[in-house]
Amino acid sequence: MRKVKVLTIKYGTKLSKNWTVTVQFCKMEGHIAADLYGEALQQSSIQSCPTSAADYALNDAQDNGSDDWCNEDGDSCEWESERIRNQFVTVGYREGLMAGQEASAQDGFNIGFKQSVSAGYNLGIVRGVTGALNCLPDDLKERLAETAQKRNKLKQLHKSVHSLSTSDALKLFHKEQTRTSSVHKENPKPDCTQISDEGVLENYYKELQSIIKDTPAIEACLDMMKQ
Amino acid sequence: MDSNGDMFDSAVNLEQTHYKEGHEEGYANGLVSGKEEGRQVGLKTGFEVGEELGFYRGCIGIWNSAIRVDPNHFSVRVQKSISQMNELLKKYPISEPENESVSDIMDSLRLKFRAICATLNVKLEYNGYPKASDVENIEF
């Protein structure tokens, strides 16, 4: 029997609409619990405790199909009650795990969303400004960005971001995020060697800002971009 | 109460205790893993939504700048569409992922954007911009 677990996270409250995000976990019911709970075990801080329910779940799975109780001398009854205990603990664990995931998934979604939305927004601004400018006729381009040097810089920036797909940008973002969080953990006090090391995505935005800074025709629209 | 009933009760209670024991631990672990799974999905969605909104913001910024230096460059109709897009973008609750208006506003933004691009005869989409078919069915 195949049991499919579905975690639903809402983006906006219209469930049937486009923005509903569904996370699916497909696992075989009755499959080895080590597989089912392996990840949870790794994350669990109590994994070293031999009496934890997850360990029962594991033991239970390993014992499935084993016939060593026949070989034991006399305490098969005790073993049997232990086995039944494990079964109930396992079922409880599994259902508790799903209920817990269901209860916290939306929370986690909102947290993640807020962590990444402004990084995406800034990249989007670079895409929009350089892209829209690129499509204007030359005479307008010249009136907006007066010097050839500026126009060249904006063109280069457009090339750079245009060759970067959203999924690649997301990978960069993930890398930068894990790096900054590990830097924070290792060096609670900012280290002078790390400060200059900015993220690639952030640099695109900063470069755009520096080009536009003294370009009055475009600069006016930058204030409005701050959200 | 006879002794058989007692035994039965205690057996059921014991099962419930075991079930509860497992459930509590599972729930605690589920809270942790569910939050992390959700966060990962949120990171992706937040980035993509932010990127799309920033993209519109950047385009509108440039279009408005162009209108300022040359008021006759865009037709009245396009100018009206641009200012409508601007209003939609201001209304978008970017920091409220559960707000129910987001999907409607995003739909309207995409329609307006596509209409403006078609009128101006420009192709502005980037690699990762939601395709028309994706808009109907976004899956992760």
Side-chain angles (χ1 to χ4, degrees), chain A residues 9-14 17-19 21 23 40 43-44 52-53 85 88-97 99-101 104-105 107-113 115-118 120-125 127-129 131-133 135-136 140 143-144 165-167 170 173 217-218 221 225 227, chain B residues 15 18-59 61-66 68-70 73 94-95 97-100 102-103 122 124 126-128 135-136 138 140:
Chain A
I9 299 166
K10 286 179 281 179
Y11 181 59
T13 53
K14 286 185 185 164
K17 270 271 188 154
N18 329 335
W19 287 102
V21 179
V23 191
Q43 290 166 1
S44 164
S52 82
R85 173 187 146 81
F88 278 94
V89 172
T90 305
V91 172
Y93 185 86
R94 181 157 41 212
E95 287 176 11
L97 189 77
Q101 286 179 332
S104 64
D107 241 13
F109 177 85
N110 293 353
I111 291 170
F113 188 94
Q115 283 173 334
S116 66
V117 72
S118 67
Y121 190 82
N122 286 349
L123 174 66
I125 282 191
R127 288 193 191 283
V129 167
L133 194 72
C135 286
L136 292 177
L140 254 181
R143 288 170 73 181
L144 287 176
S165 70
T166 297
S167 59
L170 254 168
F173 173 73
I218 306 179
C221 72
M225 287 175 197
Q227 188 143 357
Chain B
E15 288 171 356
H18 293 156
Y19 176 86
K20 222 182 130 203
E21 185 189 322
H23 194 278
E24 274 171 16
E25 193 181 327
Y27 191 83
N29 286 349
L31 283 182
V32 175
S33 60
K35 196 170 186 172
E36 183 52 27
E37 300 265 7
R39 195 180 74 91
Q40 291 302 330
V41 181
L43 280 172
K44 185 175 187 287
T45 311
F47 192 90
E48 288 168 347
V49 169
E51 186 182 28
E52 190 174 351
L53 293 174
F55 173 67
Y56 295 145
R57 172 50 72 218
C59 290
I62 288 298
W63 290 333
N64 278 335
S65 303
R68 217 169 296 123
V69 297
D70 180 4
H73 181 67
I94 194 166
S95 55
E98 284 183 87
N99 190 309
E100 61 185 298
V102 292
S103 56
V122 292
L124 277 169
Y126 51 89
N127 183 353
V135 174
E136 298 305 316
I138 293 178
F140 291 90

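Here is how names work: the chains are called A, B, and so on, in the same order as the sequence lines, proteins then strands, and each is numbered from 1.
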Rounded distance [0.5 Å steps], CZ in B:Arg39 versus OG in A:Ser104: 12.5 Å
Is it the backbone or the side chain of A:Leu170 that comes under 4.5 Å from a heavy atom of chain B, or both, or neither? both
Report yes if the side chains of A:Ile111 and B:Lys35 come closer than 4.5 Å at any heavy-atom pair, otherwise no. yes
Please report the closest heavy-atom contact between B:Glu25 and A:Tyr93, naming both atoms and the distance. C-CE1, 3.9 Å
Per-residue tally against chain A (heavy atom, under 4.5 Å) across B:Ala66, B:Gly50, B:Gly128 peaks at B:Gly50
Is B:Glu98 close to A:Phe109 at the side-chain level, that is, under 4.5 Å between some pair of heavy atoms? no
Of the backbone (N, CA, C, O) and the side chain (C-beta and beyond), which part of A:Leu140 lies under 4.5 Å from a heavy atom of chain B, both, or neither? side chain
Smallest separation among heavy atoms of B:Pro97 and A:Asn110, with atom names: CG-OD1, 3.7 Å
On a heavy-atom basis, the closest approach of B:Phe47 and A:Thr166 is CE2-O, 4.4 Å
Which bit of B:Glu24 comes within less than 4.5 Å of chain A, counting heavy atoms only: side chain, backbone, both or neither? neither
What's the shortest heavy-atom distance between B:Leu124 and A:Ala132, and which atoms? CD2-N, 3.5 Å
Treating A:Arg127 as the side-chain partner and B:Tyr126 as the backbone partner, does any N or O pair qualify as donor plus acceptor under 3.5 Å? no
Report the distance from atom CD of B:Glu48 to atom CZ of A:Phe113, rounding to the nearest 0.5 Å. 10.5 Å
Roughly how far apart are A:Ser167 OG and B:Asn127 CG, rounded to 0.5 Å? 6.5 Å
Taking all heavy atoms of B:Val102 and all of A:Tyr11, pick out the closest pair and write down the distance. CG2-CE2, 3.8 Å
For chain B, the option from A:Asp107, A:Leu144, A:Leu123 that forms the most heavy-atom pairs under 4.5 Å: A:Leu144
